[in-house]
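Working notes for the structure below.
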Amino acid sequence: MVQKPQKMAESWSFLDTVESNFRPLVVIELAKGTKEETIEWFTKRIADKKADGGAQLLIKPLVTENGHENIYLVGASHLRLLLGAENVGLVKECNDNSMRTFTYSSRKTFKDFADDNHNFLTMAECQYIIKHELENLRAKNEKMIPGYPQAKLYPGKSIVRRLLTSGILVQIFPLHDREELKKLRHSWYGRVRVGYQPLDDIRCYFGETIALYFGFLEYFTFALIPMAVIGIPYYVFAWEDYDKYVMFATFNLLWSTVILEVWKRICAVLTYRWGTLLMKRQFEEPRPGFHGVLGINPVTGREEPVYSSIKRQLRIYLVSLPFVCLCLYFSLYVMMIYFDLEQWALDYHNENESNFSSLMLYVPSIIYAVVIEIMNRIYRYAAEFLTSWENHRLESSYQNHLILKVLVFNFLNCFASLFYIAFVLFDMKLLRQSLATLLITSQILNQFAESLLPYWLQKRHNKRMKKLTCSQKTDADLSLAEQVNMEKEMGTYLGTFDDYLELFLQFGYVSLFSCVYPLAAVFAVLNNITEIYSDALKMCRVYKRPFAEPTANIGVWQLAFETMSVISVITNCMLIGMSPQVDALFPDSKMDLVLTVAFIEHLLLAIKFIMAFVIPDKPRDIQMKLAKLEFESLEALKQQQMKLAAESLKE
């Protein structure tokens, strides 16, 4: 382990940056009118050797019929990619079927490795390596970007991030592999069938983060089936049957706990097989939008922006928090307007008693559902602006603050009316109607906004592009220049945030009040089946290919789902306590009813936490493999220390 940097340095020194078979992997688009000295400096830094502060990558301009358009293709030699794989800590399968961090010196011990096998690393891994190297291109002695005095640099500043924030660099994106994409489309959504998704193929093409999202979506859909199967007869036959009411609510509570714990185990199996469970988390660099006065990082000793944490806390508590509270108040105000509309619709129906008046009863809920979606999207932009303005140093801190803001608002905006109906108005009929309307309307709007509309717009754009190129070719027959020009105009996939948020809200609709409206799980299953196909379609046809991002789990979303399941225990116990059958058991003392419900709620929470503790997060075989690897690493370190001690004694 100690000698690895020396061996890598020797490999870097012999690495040749010239390769006859240039394979374009990543596209760099510079702004029109970018100065020649800037282009020359930037491309030279990309091609320069590592010892000289470069990325040691291959870069070529894209030449079209119109000449040079400030678009560049980036690739790398096979040796460069292997050394990059070691640098980023990729984990690959060895010949003994164990998973180990890849090192160039021990490359022969890895499964399917051969010097002439250029498919040892997947295309997504190659593009991730190039992205990592480009993002770690750092200024040396430059004080500014050549040709742009206003774009300041300092030692250690990321060049790519400065170019992006200065508007010189338009975008960097990985190229699609048309042949592989065609195969993936066919196996993924090319034909309607009942079966599992090709998660390993998705991971090889799009990376672990996206594959894990689709794995969770598939698992969650299957996990909803028992709730849906039980919910259908309950909905048809047992609205007021107290025994079945309690049984369904109890099953709901146990179900919500078990599925989340089982998912942890499935997630561990997938990420171990993909190697990301073993990847060491690298030291987190400052995020692109972080700014401040130039100072010294006490941990790394490098120069970087420094921003007072006191100023950040003041921004959070004096601006962001009051703004969020104001938005929550506005959401509640809109909710009260909705109840006024509900009362108006009910009065109208009582006066007219017609088919039209019956339909009017659903109109307020539909309007409210649309307003909720609009408010959620507007608030999302405001939350992103505020979180960026708070100036968080790390991307993880930025994401945690953003997710907290968005989840709090979305939870209140989507569920406040249901809590008000259930526990203030005590109107179970209106609760069922509102829950059904909100769930179905939000699903239809999400499908349209996230998949159908982008797909239609992209299809129109592709038709225009093909007319401009006077080409009737299929996607697979496009020239490289045509492919790049088509892909650079495609939308950018912004990550899995909105997809997980949609599932989180759906989980809330199913777990919080499903004993009142058991068909919630049925609609959720139907929505998720179409969601799998529509999300697959937009990943393959609507958006640019995103860079792969290694991940070991679904992150903070696991905690969000677990928190929702705890809240569901409380709401379901309260709903059971409010039922006429339970109320009749305590005719003399309502305090006894409250205490009994509270006791049952605490008991169920205790059972829930015991189950979460008893069910291991990782299967036994994965635990043994991880323990074995840790033991071998400690033994290797011990041997190395003994060897160094022996050498020092000889001296």
Side-chain angles (χ1 to χ4, degrees), residues 12-81 83-84 87 126-127 129-175 285 288 294 302-304 479-485 487-489 544 547:
W12 290 122
S13 64
F14 289 109
L15 179 59
D16 187 6
T17 56
V18 178
E19 185 169 280
S20 56
N21 297 322
F22 176 77
R23 183 193 184 193
L25 293 169
V26 173
V27 177
I28 294 177
E29 182 184 2
L30 299 174
K32 290 182 179 179
T34 302
K35 296 178 181 179
E36 285 298 324
E37 58 181 308
T38 308
I39 296 173
E40 184 180 346
W41 169 77
F42 183 45
T43 54
K44 184 177 183 300
R45 290 300 304 271
I46 291 173
D48 275 350
K49 292 186 177 182
K50 292 283 286 186
D52 299 328
Q56 211 157 344
L57 300 172
L58 306 174
I59 181 166
K60 292 184 178 181
L62 178 70
V63 181
T64 64
E65 294 177 358
N66 300 323
H68 185 228
E69 294 185 353
N70 282 354
I71 296 175
Y72 291 83
L73 305 174
V74 183
S77 66
H78 182 51
L79 175 57
R80 177 67 184 86
L81 290 170
L83 293 171
N87 196 29
C126 294
Q127 291 167 333
I129 291 166
I130 289 178
K131 172 177 174 275
H132 177 269
E133 296 297 342
L134 289 174
E135 287 183 341
N136 281 279
L137 266 180
R138 300 193 175 274
K140 297 187 294 182
N141 300 318
E142 300 96 335
K143 302 295 182 184
M144 63 177 188
I145 293 173
Y148 294 88
Q150 74 279 10
K152 303 296 183 183
L153 287 174
Y154 49 83
K157 174 64 181 177
S158 171
I159 291 172
V160 167
R161 290 174 179 177
R162 173 57 73 210
L163 289 169
L164 281 168
T165 54
S166 301
I168 301 167
L169 178 59
V170 177
Q171 60 179 336
I172 299 178
F173 64 91
L175 268 176
E285 299 287 343
L294 189 63
R302 291 200 301 238
E303 281 189 311
E304 66 174 47
S479 69
L480 179 60
E482 289 171 334
Q483 178 186 342
V484 170
N485 282 317
E487 287 185 22
K488 76 183 180 71
E489 299 298 332
K544 284 191 283 282
F547 279 105

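Just so you know, residue 1 is the first one in the sequence shown, and it goes up from there.
- R80 contributes no side-chain N or O that, together with a main-chain N or O of G75, makes up a donor-acceptor pair within less than 3.5 Å.
- Between the S166 side chain and the L163 main chain, no donor and acceptor come within less than 3.5 Å of each other.
- Ion pairing between a basic and an acidic side chain is recognised when a charged N comes within 4.0 Å of a carboxylate O; E142 and R45 show such pairing.
- Side-chain contact between Q56 and E133 is absent, with no heavy-atom pair separated by less than 4.5 Å.
- From E135, atom CD reaches atom CD1 of I172 across 7.5 Å, with rounding to the nearest 0.5 Å.
- Applying the side-chain hydrogen bond (donor to acceptor under 3.5 Å, both in side chains) rule to K35 yields no partners; only residues at least two apart in sequence or on another chain are considered.
- The shortest side-chain heavy-atom distance between N485 and I71 falls under the 4.5 Å cut-off.
- Partners of K152 under the side chain to side chain contact (heavy atoms under 4.5 Å, CB included) rule, at least two apart in sequence or in another chain, do not exist in this structure.
- A heavy-atom distance below 4.5 Å is found between the side chains of L480 and L175.
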(Q) One pair to check against side chain to side chain contact (heavy atoms under 4.5 Å, CB included): Y72 and I46. What are the steps and the verdict? (A) CA-CA 11 Å; Y72 291 83; I46 291 173; over 6 Å; no
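- When all heavy atoms of F173 and V484 are compared, the closest pair comes out as CZ-O, 4.3 Å.
- Q171 pairs by the side-chain hydrogen bond (donor to acceptor under 3.5 Å, both in side chains) definition with E29, K544, not counting sequence neighbours.
- The CD1 atom of I159 sits 12.0 Å away from the CG atom of L164 when rounded to the nearest 0.5 Å.
- Once rounded to the nearest 0.5 Å, the distance linking CG of N136 with CG of N87 reads 8.0 Å.
- The CZ atom of F22 lies 5.5 Å from the CG atom of L73; values are rounded to the nearest 0.5 Å.
- Looking at heavy atoms from C-beta onward, E487 lies out of side-chain contact with V27 at the 4.5 angstrom threshold.
- Smallest separation of non-hydrogen atoms from L58 and S77: CD1-N, 3.9 Å.
- Two residues are said to be in side-chain contact when any heavy atoms from C-beta on lie closer than 4.5 Å; L134 and L57 meet this criterion.
- You'll find the side chain of L30 stays beyond 4.5 Å of the side chain of T38, heavy atoms only.
- Every residue two or more places apart in sequence or in another chain that forms a side chain to side chain contact (heavy atoms under 4.5 Å, CB included) with A31 is listed here: T34, V170.
- Under a 3.5 Å cut-off, the side chain of Q127 and the backbone N or O of V26 do not form any donor-acceptor pair.
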